[in-house]
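Notes follow once the structure below has been shown.
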Amino acid sequence: DTAVSQTPKYLVTQMGNDKSIKCEQNLGHDTMYWYKQDSKKFLKIMFSYNNKELIINETVPNRFSPKSPDKAHLNLHINSLELGDSAVYFCASSHRQGRNEQFFGPGTRLTVL
Amino acid sequence: AQSVTQLDSQVPVFEEAPVELRCNYSSSVSVYLFWYVQYPNQGLQLLLKYLSGSTLVESINGFEAEFNKSQTSFHLRKPSVHISDTAEYFCAVSDKRTGGSYIPTFGRGTSLIVHP
């Protein structure tokens, strides 16, 4: 069983479109995260939810909106996609917020044309 | 704000040689420290962690790291590397911020390249 899964694995779309990435964890963790990894491998935290409550919202354009329907799911919706949004997006989960290790999904490679 | 510095963006080394990947952080409060490894086209995997207790922590595949509070460092070492250790290595630090949340901050990564 995959611990943290993301769909889709690849996403190619045109500028201006709206797209969503889904994430699910079956580890029973209370905290989930979204990260963006750019072409230079720099990993930047975007959002974090603890027990469905938003606890971290870093400087991210408001075109990005996370949604957590329950503790096991954290989806990312992106409106009006721009070229600069092209990156690999990772979902992760952990127990006890940042006081324990994170388990990462396989990533979603987003390419905006 | 918390910052994590990985001084070397790339470390080339020959197989069976020792290696050290450096990590320094800025927080002065209680911290939780992690090293993650990322193989090509994969997500990050935990390599080892320091939460409390012994300052020297080890992984199952021969890596070790030592928490040095006075130098605010958590360097990663391996006495003899293998070709299969070629990967990107990330240091991460979690500390308590205003409001009580623990927020992880990642370094920019070090690319370990092991040559035969």
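Keep in mind that the numbers below use all heavy atoms, side chains included, and drop hydrogens, waters and symmetry copies. Protein chains get the first letters and strands the later ones, always in sequence-line order, with residue 1 at the start of each.
- Here the straight-line distance linking atom CD of A:E101 with atom CG of B:L48 works out to 11.0 Å at 0.5 Å rounding.
- Under the 4.5 Å side-chain contact rule for hydrophobic residues, A:M46 and A:L11 share a cluster.
- Both A:L83 and A:I21 are part of a single hydrophobic cluster, where members link through side-chain heavy atoms under 4.5 Å apart.
- If you measure heavy-atom distances from B:Q45 to chain A, you find no contacts under 4.5 Å at all.
- You'll find the side chain of A:S48 stays beyond 4.5 Å of the side chain of B:I103, heavy atoms only.
- Distance check, rounded to the nearest 0.5 Å: CZ of A:F104 to CD of B:Q38 gives 9.0 Å.
- Hydrophobic clustering (side-chain heavy atoms under 4.5 Å, transitive across Ile, Leu, Val, Met, Phe, Trp, Tyr) keeps A:L76 apart from B:L44.
- The shortest side-chain heavy-atom distance between B:K96 and A:R99 does not fall under the 4.5 Å cut-off.
- Residues A:Q37 and B:F90 meet the side-chain proximity criterion, which asks for heavy atoms closer than 4.5 Å.
- Aromatic pair A:F42/B:F106: ring centres not closer than 6.0 Å.
- Side-chain contact between A:Q102 and B:Y36 is present, with at least one heavy-atom pair separated by less than 4.5 Å.
- One finds the OG atom of A:S94 at 12.0 Å from the OH atom of B:Y32 (value rounded to the nearest 0.5 Å).
- Under a hydrophobic-cluster definition in which Ile, Leu, Val, Met, Phe, Trp and Tyr are linked whenever side-chain heavy atoms come within less than 4.5 Å, directly or via other members, A:M32 and A:V4 are assigned to different clusters.
- Two residues are said to be in side-chain contact when any heavy atoms from C-beta on lie closer than 4.5 Å; A:N100 and B:K49 meet this criterion.
- The part of A:I45 that comes within reach of chain B is its side chain, from C-beta onward, which places non-hydrogen atoms under 4.5 angstrom from that chain.
- Contacts of B:E88 with chain A are made by side-chain atoms alone, with heavy-atom separations under 4.5 Å and no backbone atom involved.
- In this structure, the side chain of A:Y33 does not engage the main chain of B:P104 through any donor-acceptor pair within 3.5 Å.
- Taken together through direct or relayed side-chain contacts under 4.5 Å among Ile, Leu, Val, Met, Phe, Trp and Tyr, A:Y35 and A:I55 form part of one hydrophobic cluster.
- Heavy atoms closer than 4.5 Å to chain A are found in both the backbone and the side chain of B:Y102.
- Using a 4.5 Å heavy-atom cutoff, the side chains of B:N41 and A:R109 are in contact.
- Annotation for A:K44: atom NZ counts as buried by contact number, over 12 foreign heavy atoms lying within 6.0 Å.
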